[in-house]
Number of protein chains: 2
Amino acid sequence: MPYSPTGALTTLPAGHPCEDCPVRPITICRSLEARTLADMRRMGNMQRLQPDQPVLHEGDPAKRVFMLTLGALKIYTLLGDGRRQVTGFMFPGDFLGITRDEEYAFTIEALRPSELWWFSREAFDRFVEANPSVERELYKMAAHELAAAQQQMVLLGRKTAAERVASFFLNLLQRGERVSGRTETRFNLPMSRLDMADYLGLTKETVSRMLAELRDRRLIRLETQSRVEVLDRAGLADMAEGHRAA
Amino acid sequence: MPYSPTGALTTLPAGHPCEDCPVRPITICRSLEARTLADMRRMGNMQRLQPDQPVLHEGDPAKRVFMLTLGALKIYTLLGDGRRQVTGFMFPGDFLGITRDEEYAFTIEALRPSELWWFSREAFDRFVEANPSVERELYKMAAHELAAAQQQMVLLGRKTAAERVASFFLNLLQRGERVSGRTETRFNLPMSRLDMADYLGLTKETVSRMLAELRDRRLIRLETQSRVEVLDRAGLADMAEGHRAA
DNA sequence: TTTCCGCGTTGAGCCAAATCATCCCTCCGC
DNA sequence: GCGGAGGGATGATTTGGCTCAACGCGGAAA
């Protein structure tokens, strides 16, 4: 469920460092003036990540905020006995690290080779204070995340296994569409079956079985293990909302 | 988990309309100057609510935001076949209606006789724009809600029935403590067993059984059906986090 | 091309919580 | 105090998804 800032995309002068940034149209940067954007860019630090490489751990002091420009990340928290809940996946354009706490309450790891920009939280806070439009975008983004979190509570609290997987796939499809700006029928699964299971409150075996069920009902096709084609979007939506026939 | 604004409580001149407001110390109003606070007060409208009385319905145009000063509310969404997920309970001091959408994505109803202040969203947006400190408080509040939502995802996705009820009770206890400012051993349950079940992703029967289990383990005592005394807080915390013995 | 390793799939049996059924208790109104 | 209604508790049974186990397959390295 990507966040989409509002308002017109600021045009940049030739030679601006953010000129070719692939995610600018879909992040908080969208609304920034060339000058301010350059300030922000100078404040940031790019970090490349390999699959499974951690960005930060639960309990680390919350000294940085992040923006993903390439790849995919997962965010999760652990219970004492190893049970894990993935609370979200991050895709290019997503902004991360929003917290009032002194320590991160989650762990973040790369799913794929990724490029991540980080900002000192202290410097970023000053930047936000000096740029009310950024504060507004952050607030909107947080409100958006909150709405998404409520949807996920419905999924985790009340949906069946098949409904959870169908809902998740629709969300991934819609995210791809909002980024590309056109209707899509395919999407990637950059995470493992176990990651999906821990996001959906299921086991990896159940996820596998539900994939088989969606396939057998001709709602989707698995082009490869990590690429899905949606064959019957309306049917998938029906299943996601619990309108499905027995 | 109540939101607690930061910074010193603004002192008000005698005769200020918010002088005796019971929730000012625990809301976004805390940081407002007497003048600005009076503006906000003038913008607001008080509404009394009876138990089960709806405040708004899912799908209504999102034209108002709210602050609760007395009582308790529940927030829920429905699936097509009547399954219900309670996504939160509201207590005095809570602020509500934050959304970027044109329509509310949830329904709100009173649990108890309540007093609710509402503000036209349009007027409130203008007020926020004119008062950056309010925007900052709203952003912090949203970030706080987001952290709470992530905790609830862990609960719904990975905790057992007993752990869910124990976690919920600890949260209620902590909320009471943050409001009163001192250690508590008792708290109220203003909602029905069914409301609790729909919040915790369980059935009312299972909630009932888990209450009996917590009672039998001497972790809590039910003073009445809607008032709980915590007998063993550490034990309750252990159970909430899954550290419990078999 | 072959081999190997780990992820993914599929099957069998089990269990925690849901469902179904009944009873109880508390809180009203009279 | 009495009767009734509705929420809450408890017991019996069912079941969706988990656990445990075996196997398949695809991608990487040689």
Side-chain angles (χ1 to χ4, degrees), chain A residues 50-52 74 79 81-85 111-113 155-168 188-216 220-228 239 242 244 246, chain B residues 50-52 74 79 81-86 109 111-113 155-168 188-216 220-228 239 242 244 246:
Chain A
Q50 292 311 308
D52 299 325
K74 65 183 170 196
L79 291 179
D81 61 358
R83 278 174 289 173
R84 190 179 70 143
Q85 179 66 35
L111 293 167
R112 300 277 166 195
L155 182 150
L156 292 170
R158 286 292 175 241
K159 289 190 180 178
T160 66
E163 290 163 6
R164 293 180 198 204
V165 174
S167 301
F168 178 52
N188 287 318
L189 294 172
M191 70 295 289
S192 70
R193 299 293 188 262
L194 180 59
D195 289 334
M196 279 189 247
D198 285 347
Y199 180 62
L200 299 173
L202 301 171
T203 59
K204 62 188 199 306
E205 292 93 337
T206 298
V207 168
S208 219
R209 281 185 251 270
M210 295 305 117
L211 288 182
E213 183 173 334
L214 295 185
R215 192 219 313 127
D216 295 347
I220 62 165
R221 193 169 69 87
L222 285 163
E223 294 185 5
T224 70
Q225 283 188 339
S226 64
R227 186 160 181 81
V228 177
M239 174 159 286
R244 81 189 179 295
Chain B
Q50 292 311 308
D52 299 325
K74 65 182 170 197
L79 291 179
D81 60 359
R83 278 175 287 173
R84 190 178 70 145
Q85 179 67 35
V86 172
E109 278 176 24
L111 292 167
R112 300 278 165 193
L155 182 149
L156 292 170
R158 286 292 175 241
K159 288 190 181 179
T160 66
E163 290 162 6
R164 293 179 198 204
V165 174
S167 301
F168 178 52
N188 287 318
L189 294 171
M191 70 295 288
S192 70
R193 299 294 187 263
L194 181 58
D195 290 333
M196 280 189 248
D198 284 348
Y199 181 62
L200 299 173
L202 301 171
T203 60
K204 62 190 199 306
E205 292 91 337
T206 298
V207 169
S208 223
R209 281 185 250 271
M210 294 306 117
L211 288 182
E213 183 173 335
L214 295 186
R215 193 218 315 125
D216 295 348
I220 63 165
R221 193 169 70 86
L222 285 162
E223 295 186 3
T224 71
Q225 283 190 337
S226 65
R227 186 160 182 82
V228 177
M239 173 159 286
R244 80 189 180 296

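In the text below, chain A, chain B and the rest are named by the order of the sequence lines, each starting its count at 1.
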Are [X] and [Y] side-chain neighbours, meaning at least one heavy-atom pair lies under 4.5 Å?
{"X": "B/Leu211", "Y": "B/Gln225", "value": "no"}
{"X": "B/Val165", "Y": "B/Met196", "value": "no"}
{"X": "B/Arg215", "Y": "B/Val228", "value": "no"}
{"X": "A/Leu214", "Y": "A/Met239", "value": "yes"}
{"X": "B/Asp198", "Y": "A/Arg158", "value": "yes"}
{"X": "A/Asn188", "Y": "A/Glu223", "value": "no"}

Between the side chains of A/Asp216 and A/Arg209, is the shortest nitrogen-to-carboxylate-oxygen separation below 4.0 Å, so that they form an ion pair? no
Can A/Lys159 and A/Glu163 be counted as an ion pair, charged N to O under 4.0 angstrom? no
What is the distance, to the nearest angstrom, from the [atom1] atom on [X] to the [atom2] atom on [N]?
{"X": "A/Arg83", "N": "D/dC18", "atom1": "CZ", "atom2": "P", "value": "13 Å"}
{"X": "B/Glu223", "N": "C/dT26", "atom1": "CD", "atom2": "C1'", "value": "17 Å"}
{"X": "A/Leu156", "N": "D/dG17", "atom1": "CG", "atom2": "C1'", "value": "15 Å"}
{"X": "A/Glu213", "N": "C/dT10", "atom1": "CD", "atom2": "C1'", "value": "14 Å"}

Polar pairs (N or O, both sides) under 3.5 Å between protein and nucleotides 4-8 of chain C?
unit_1, atom_1, unit_2, atom_2, d
C/dG8, OP2, A/Arg193, N, 3.1

Tell me whether the side-chain N/O atoms of A/Arg215 come closer than 4.0 Å to OP1 or OP2 in C/dT10. yes
With rounding to the nearest 0.5 angstrom, report the CG to CZ distance, B/Leu189 to B/Arg227. 9.5 Å
Could you give the distance from CG (A/Leu200) to CG (A/Leu156), rounded to the nearest 0.5 Å?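 So the gap between those two atoms works out to 7.5 Å.
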Between B/Arg193 and B/Glu205, is there a donor-acceptor pair closer than 3.5 Å when you use the side chain of the first and the backbone of the second?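 Not at all, since once roles are kept as given, no pair shorter than 3.5 Å links the two residues.
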When the axes are fitted on five pairs at both termini, how much does the helix from C/dT1-D/dA30 to C/dC30-D/dG1 curve, in 10° steps?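 Inter-axis angle at the ends, rounded: 50°.
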Where along nucleotides 17-23 of chain C does protein come under 4.0 Å, by heavy atom, of base (B) or sugar-phosphate alone (S), with - for untouched nucleotides? SSBB---
